[in-house]
Amino acid sequence: MIHLYAASEKLTKEGKDICVRLTLPAEENEIWIALQKSEMESLDDCEISDVECDVEEAQTFLYSLELSKANIFELNVFAGLLSALPEDELRLYCEKLKEKSPQNLKEAIYGI
């Protein structure tokens with residue numbers, strides 16, 4: 001699972017932080033509802049911060065990204081991948097994640 005906080009970049013710049021906490025993976029409509037609660041105007045307005053993952057290698061990888069501009073739906077796919085893998089496959093995936101050091105979420109999801 002991945003826990004993150006998302007806020008409207010526009011409102012943050014105006015000093016009106018309205019953060020929502022999301023736990024991924026989640027249904028797409030749950031993500032949209034959370035984003036609406038933070039008063040985002042579009043996905044381009046979304047600013048992600050404080051990502052936490054219970055898989056150490058995934059946590060390290062996520063911190064290597066520029067999270068403020070990460071696509072929340074790609075993060076959701078990544079979280080879904082992690083949570084769906086059986087324990088032995090997750091261990092192998094984490095070894096590859098450390099070894100290959102993907103540059104973005106798409107590489108981590110589809111390129112390993």
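Heavy atoms only, all atoms of each residue included: Glu39 and Leu11 are closest at CB-CD1, 3.6 Å. Between Leu22 and Ala34 the shortest heavy-atom distance is CD2-CB, 3.3 Å. In this structure, Ala6 and Ser38 approach most closely via the heavy-atom pair O-CB, 4.2 Å. What you find for Met1 and Thr23 is that their closest heavy atoms are SD-CG2, 3.3 Å. Among all heavy-atom pairs drawn from Ala70 and Ile48, the shortest one is O-CD1, 3.3 Å. Minimum interatomic distance between Ile2 and Leu75 (heavy atoms only, all atoms of both residues): CD1-O, 4.1 Å.
Using a 4.5 Å heavy-atom cutoff, the side chains of Leu4 and Ser49 are not in contact. In this structure, Val77 and Leu24 have side chains that are not in contact, with every pair of non-hydrogen atoms separated by 4.5 Å or more. You'll find the side chain of Leu35 reaches within 4.5 Å of the side chain of Leu43, heavy atoms only.
A distance of 11.5 Å separates CD in Glu74 from CZ in Phe78, rounded to the nearest 0.5 Å. One finds the CG atom of Asp54 at 9.0 Å from the CD atom of Gln59 (value rounded to the nearest 0.5 Å). In this structure, Cys53 SG and Leu62 CG are separated by 6.0 Å, a value rounded to the nearest 0.5 Å. Distance CZ/Arg21 to CD/Glu52: 7.0 Å, rounded to 0.5 Å.
Within 6.0 Å of the CD atom in Glu87, the count of heavy atoms belonging to other residues, nucleotides or ligands does not exceed 12.
Pairs of residues two or more places apart, or lying in two chains, that qualify as side-chain hydrogen bond (donor to acceptor under 3.5 Å, both in side chains) and include a residue from residues 27-37 are Glu28-Trp32.
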Can I get a per-line list of side-chain donor-acceptor pairs under 3.5 Å for residues 101-112, giving both atom names and the distance, sequence neighbours left out?
| residue | atom | partner | partner atom | Å |
| --- | --- | --- | --- | --- |
| Ser101 | OG | Lys98 | O | 3.4 |
| Gln103 | NE2 | Ser101 | O | 3.1 |
| Asn104 | OD1 | Lys106 | N | 3.2 |
| Asn104 | OD1 | Glu107 | N | 2.7 |
| Glu107 | OE1 | Gln103 | N | 3.1 |

Next on the checklist: For Leu82 and Tyr93: C-alpha separation, side-chain torsions, deciding distance, then whether side-chain contact (heavy atoms from CB on, under 4.5 Å) applies.
Outcome noted: CA-CA 9 Å; Leu82 293 176; Tyr93 177 79; 3.8 Å; yes
Item to check | Candidate pair Cys94 and Val55, rule side-chain contact (heavy atoms from CB on, under 4.5 Å), full reasoning | outcome: CA-CA 8 Å; Cys94 286; Val55 178; 3.3 Å; yes
Next on the checklist: Determine whether Phe73 and Ile31 satisfy the following criterion, side-chain contact (heavy atoms from CB on, under 4.5 Å), listing intermediate values before the conclusion.
Outcome noted: CA-CA 8 Å; Phe73 293 103; Ile31 295 171; 3.8 Å; yes
Item to check | Derivation of the side-chain contact (heavy atoms from CB on, under 4.5 Å) call for Glu95 and Glu99 | outcome: CA-CA 6 Å; Glu95 288 173 12; Glu99 180 183 300; 5.8 Å; no
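Hydrophobic clustering, with ILVMFWY side chains joined whenever heavy atoms are under 4.5 angstrom apart, groups Leu81 together with Ile72.
Side chain of Tyr63 to main chain of Ala58: no donor-acceptor pair is present (N/O by atom type, distance under 3.5 Å, no hydrogens or angles). Not one N or O on the side chain of Glu9 forms a donor-acceptor pair closer than 3.5 Å with the backbone of Asp45.
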